[in-house]
Amino acid sequence: MTVAPCPADATATELLARHTADDAFYFASPTGGLLASQAGAVLDVGGELTDIAGAVDTALAAHPADRVVVGAVGFDPATRVRLSVPEQVWRSGPLPTGLAIPAQRPGGGMRARRELPSCARYAAGVQAAVAEMAAGGLSKVVLARALEITTAAPVDTALLLRRLAARDPGGYLFAVDTGGGSTLVGSSPELLVSRRGAEVVANPLAGSTPRSADPVEDARRARALLTSEKDQREHAVVVAAVRGALGRLGVDLRPPAAPTLVSTTAMWHLGTTVRGRVADPSVSALRLAAALHPTPAVCGTPPERAREVIAAHESADRGFFAGLTGWQDAAGDGEWAVTLRCAQVRGDQVLLYAGAGVVPGSQPEAELAETEAKLGTVLNGLGL
Ligand SMILES: C=C(O[C@H]1C=CC=C(C(=O)O)[C@@H]1O)C(=O)O
C-alpha cells in the first residue's frame with residue numbers, strides 16, 4: 001500500500017479538495033483525515049457487531065500490515081454494513097477552521113419534500129413514549145424522523161461535504177460510498193469510541209438545544225441546557241451505559257468528568273469525555289464499539305424495549321443513520337463516530353435523518369424543534 005501524505009503546507013485542506021463524489025471513503029476528525037479513492041476488497045459481513053469486529057480482525061490479518069478497514073455499519077448491523085480494505089489511503093492532519101463555504105448549492109433547489117412520519121405523528125410518538133415511561137418499563141428512547149427531499153439536480157456529494165466541513169471543521173465528517181450509486185454524507189459531533197495504543201476515548205452526547213443567531217439568546221440557551229434537570233438526566237443515562245460497557249471490557253476508566261457544553265453550528269449539546277486504558281491489545285476499536293453500540297444516545301434504556309418503541313413509531317428504516325462510521329488499522333487502533341447529522345444521497349434523492357432523546361418530562365413540540373434544528377445541518381449543507 002502507498003500511504004501518500006498530502007504536502008505539509010496543505011495537508012487537510014488538500015485532502016478535502018482532492019475528494020470527489022466518485023471516491024469510496026472520506027473521513028475527517030479532530031485528530032486527522034483519511035481518504036480512499038477505491039474501496040478495494042469489500043467485506044462480506046453482517047450480523048452481530050461483535051462478529052463483524054472479529055471478521056475485520058481476520059481481514060486485516062490477511063492483508064499487509066499497513067492496511068486499514070474503512071466504512072460504515074448501520075443502526076442494525078445485521079442489515080446494513082459497508083466495510084472495505086482499500087489498497088491505498090491518504091492521510092492528513094485535522095481540518096483548519098476558517099475554510100470558505102462554497103457558494104454553489106450541491107443539488108440546486110428543492111423539488112419536493114416529505115416528512116417521515118408527519119410532524120404531527122412524530123409529536124404523538126413522543127407523547128406516547130412519555131406516557132409509557134410514566135407506566136414504567138422504559139426510561140429513555142431516541143425517536144427519529146426522516147426527511148425525503150428531491151433536489152432540482154443530482155447532488156454533488158463532494159461539494160456537500162465541503163460545505164459541511166466549512167461550517168463544522170471540528171466534527172466528524174464523512175462521505176461513504178454505500179453501493180448502488182448511494183452515498184452516506186454527514187457531519188457528526190459525536191465520537192462513539194477511539195483507541196490509540198492502550199488509550200480509549202468516548203464522547204457521549206445527549207441533551208441538546210438549538211443554537212440562536214442572536215449571541216445573547218445563544219448564551220442564554222447554553223446556560224439553560226447546562227442547568228436543565230431533564231437534560232442532565234437524559235445525559236447521565238448515556239454516560240452510565242458507556243462507562244458500564246467499557247468497564248466490562250476491562251477498560252480502566254479515569255474518574256468521571258462532569259458534562260460540558262459541546263457546540264456545532266446548529267446545536268448545543270451536553271457532552272462527557274470518557275477516558276480509559278485497555279489492558280488487552282486484542283480489544284480493538286471496533287470491538288469496543290461493538291460493546292457500546294447502540295448507546296442510549298441513539299436507542300434507549302432498556303435497549304430491547306426502546307428498539308420496540310422505535311419500530312412502532314418511526315416510519316423510515318434508519319439504514320446507516322445512528323450506526324457508526326470510521327476506520328481501524330491492523331494494530332486495532334481506530335476511530336468510530338456515531339453516524340448523525342447525515343443523509344443518504346442517490347442522485348437527486350436525499351434522505352435526511354434526525355432523532356431526539358425522550359425522557360420523562362420531554363415535550364413533543366420541543367423534541368420536534370430539536371430534530372428540525374438537527375436536520376438543519378445537512379439542509380444548510382444543501383443550501384436549502
Ligand atoms: C440522535 C441524534 O442526536 C443524539 C446525539 C446528541 C444529542 C442527542 C439528544 O440530545 O437527543 C441525541 O442523543 C441526532 O442528531 O439525530
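When a residue number appears, it is its place in the shown sequence, counting from 1. Order of appearance sets the numbers: ligands from 1, and atoms from 1 within every ligand. Please read all numbers here as calculations on a predicted model, not as lab measurements. Computed from heavy atoms alone, side chains included, the values below leave out hydrogens, waters and symmetry copies.
Residue pairs satisfying the side chain to side chain donor-acceptor pair (under 3.5 Å) criterion with at least one member in residues 318-327, sequence neighbours excluded, are listed as follows: E314-R318, T325-T339, W327-E335.
Linking ILVMFWY side-chain heavy atoms closer than 4.5 Å, directly or via other members, places L352 and Y122 in two distinct hydrophobic clusters.
Geometrically, R221 does not engage W268 in a cation-pi contact defined by less than 6.0 Å to the ring centre and at most 45° from the axis. Cation-pi check for R307 over F75 is met; the charged atom lies under 6.0 angstrom from the ring centroid and within 45 degrees of its normal.
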Would you be so kind as to tabulate the donor-acceptor pairs closer than 3.5 Å made by side chains of residues 189-199, with sequence neighbours excluded?
| from | atom 1 | to | atom 2 | distance (Å) |
| --- | --- | --- | --- | --- |
| E190 | OE2 | L205 | N | 3.3 |
| R195 | NE | G197 | O | 3.0 |
| R195 | NE | D333 | OD1 | 3.2 |
| R195 | NH1 | P281 | O | 3.0 |
| R195 | NH1 | V283 | O | 3.0 |
| R195 | NH2 | A331 | O | 2.8 |
| R195 | NH2 | D333 | OD1 | 3.0 |
| E199 | OE1 | R254 | NH2 | 3.2 |
| E199 | OE2 | R254 | NH2 | 2.7 |
| E199 | OE2 | R277 | NH1 | 3.0 |

For a quick test of your reading: what N or O donor-acceptor pairs under 3.5 Å do the side chains of residues 128-137 make, sequence neighbours left out?
| from | atom 1 | to | atom 2 | distance (Å) |
| --- | --- | --- | --- | --- |
| E132 | OE1 | R305 | NH2 | 3.0 |
| E132 | OE2 | R305 | NE | 2.6 |
| E132 | OE2 | R305 | NH2 | 3.3 |

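For ligand 1, the protein residues within 4.0 angstrom (heavy atoms only) are V142, E190, L205, A206, G207, S208, E234, H269, A297, F321, L340, R341, A354, G355, A356, G357, E370, K374.
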